[in-house]
Amino acid sequence: TGLTSLPAEIGGLQALTELILNSCTWLASTALAFERRLLELRVDADRSRGSEQLPCGAALSAALPTVAKFGFAVVEDVVPRAMLERSKDTDAFRSMPTTAATGSTDLWRLSALGRFHRVRFDVEDADAFQEMEALWRPLVDEFFSSHTTHTRAGTEDAVYRSELQLLTATPFISDDQMWHSDNQARGITIIVPLCDFTAENGATQLLPGTHELRSSWPLLLRDGARVATPRQGSIVVYDARTYHRGLGNSTNASRPALVFRYDRKESPPPGVGVVASLAHASAAKVLHTSMAVVLATREAVRALSESYRT
């Protein structure tokens with residue numbers, strides 16, 4: 001009888017193994033879908049994209065509660081088309097590398113394969129980029145004034161633009177960046193897309209709540225990573241402490257953008273050394289992967305319970 005029952009046991013083991021493999025495959029694919037979900041935290045500035053008028057401070061201020069809660073938001077229709085075109089009509093924009101094979105140069109540094117950053121510009125190009133700052137200055141001022149600090153001398157600590165950079169993700173072959181934050185101290189970063197961002201062309205991925213992880217971790221557990229996909233004219237606003245990264249570009253066109261960072265002189269970025277930066281990158285990767293698996297598992301349990309009910 002032992003011999004006759006052996007084929008049945010083997011068949012049962014094969015069926016169980018197949019079930020486990022299929023479940024793991026489904027879980028992995030679901031986790032991948034969760035880790036690339038699109039961001040829906042959008043605030044409409046309610047203005048014409050073709051207009052040269054500045055958006056009202058109240059419209060931009062509407063994004064701050066979202067940034068305070070989640071660590072980031074997309075504000076739509078902020079930058080007029082004419083300003084975007086002037087930014088593209090610059091020597092710096094025209095000099096952008098278009099292939100990953102270019103490698104680093106004196107002006108363009110690499111943060112990952114195919115991801116180039118430039119921070120030095122001539123006067124004309126800098127002026128073309130900097131004229132945008134008046135658009136979101138009220139937002140930046142309100143962001144910092146809501147958490148005023150003072151120096152030892154008793155005067156209010158100064159806020160400054162810590163970086164202006166032009167960056168691009170080259171087509172076809174560009175890698176995901178390492179997870180990172182711009183500063184361990186509270187600051188604000190503005191991304192200005194110079195093309196429509198998509199999940200495929202190297203948009204920014206963010207981990208919600210990681211700017212205030214001790215109090216906001218339930219947001220991360222609920223939402224997982226999100227991908228910001230603003231169109232031209234919109235901006236991405238995020239707290240400098242929020243873990244984020246640029247995704248790889250698998251399309252046939254470059255994905256350029258401008259980045260403006262603002263910090264206090266008392267706490268310049270990045271706020272940590274190389275070793276600590278790597279530790280933060282590792283922590284963010286663990287958070288990202290584990291949350292994707294948790295969300296996928298939750299979805300699997302929900303789908304299973306629904307199938308039993310039906």
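Basis for what follows: all heavy atoms, side chains included, without hydrogens, waters or symmetry-related copies. The shown structure was predicted, so the numbers you read here are calculated from the model rather than taken from an experiment.
Not a single donor-acceptor pair under 3.5 Å links the side chain of Gln165 to the backbone N or O of His117. At distances below 3.5 Å, not a single donor-acceptor pair connects side-chain atoms of Ser104 with backbone N or O atoms of Arg109. A donor-acceptor pair under 3.5 Å is formed between the side chain of Ser145 and the backbone N or O of Asp141. Side-chain atoms of Ser181 do not come within 3.5 Å of backbone N or O of Gln184 as any donor-acceptor pair. Checking side-chain atoms of Asn201 against main-chain N and O of Arg255 turns up no donor-acceptor pair under 3.5 Å. Within the 3.5 Å criterion, the main-chain N or O of Phe144 finds a donor-acceptor partner in the side chain of Arg264.
Glu163 is not listed as a side-chain neighbour of Val259, based on a closest heavy-atom distance of 4.5 Å or more. Residues Leu107 and Arg120 meet the side-chain proximity criterion, which asks for heavy atoms closer than 4.5 Å.
Between Trp108 and Phe116, the two ring planes are perpendicular [angle over 60°; tilted spans 30° to 60°]. The aromatic rings of Phe260 and Tyr262 sit parallel, their planes meeting at an angle under 30°, below the 60° perpendicular limit.
Note that CG of Asp127 and OG of Ser87 are 11.0 Å apart. Values are rounded to the nearest 0.5 Å. Atom-to-atom distance recorded for Ile191:CD1 and Ser234:OG is 12.5 Å, nearest 0.5 angstrom. With values rounded to the nearest 0.5 angstrom, Glu142 atom CD is found 5.0 Å from Leu64 atom CG.
Note that Arg226 lies outside the cation-pi zone of Phe72, set by a 6.0 Å cut-off to the ring centre and a 45° limit from the axis.
Screening Ile235, Ile190, Val79, Leu164 for a side-chain contact (heavy atoms from CB on, under 4.5 Å) with Met132, the sole residue that qualifies is Val79. Thr168 pairs with exactly one of Arg115, Arg118, Met96 by the side-chain contact (heavy atoms from CB on, under 4.5 Å) rule, that one being Met96. With Leu84 as reference, Leu194 is the one residue of Leu194, Leu258, Asp89 to meet the side-chain contact (heavy atoms from CB on, under 4.5 Å) rule.
In summary, the side chains of Arg81 and Gln232 do not present any donor paired with an acceptor at a separation below 3.5 Å, with no hydrogens or angles considered. With no hydrogens or angles considered, a side-chain donor-acceptor pair links Asp263 and Ser162 at under 3.5 Å. Judged purely by distance below 3.5 Å, without hydrogens or angles, the side chains of Glu200 and Thr251 never pair a donor atom with an acceptor atom.
The two residues Val78 and Leu135 have their closest heavy-atom pair at O-CD1, 3.8 Å.
Tyr243 and His180 have their aromatic ring centers separated by at least 6.0 angstrom.
The environment of Asp106 atom CG is sparse: at most 12 non-hydrogen atoms of other residues, nucleotides or ligands sit within 6.0 angstrom.
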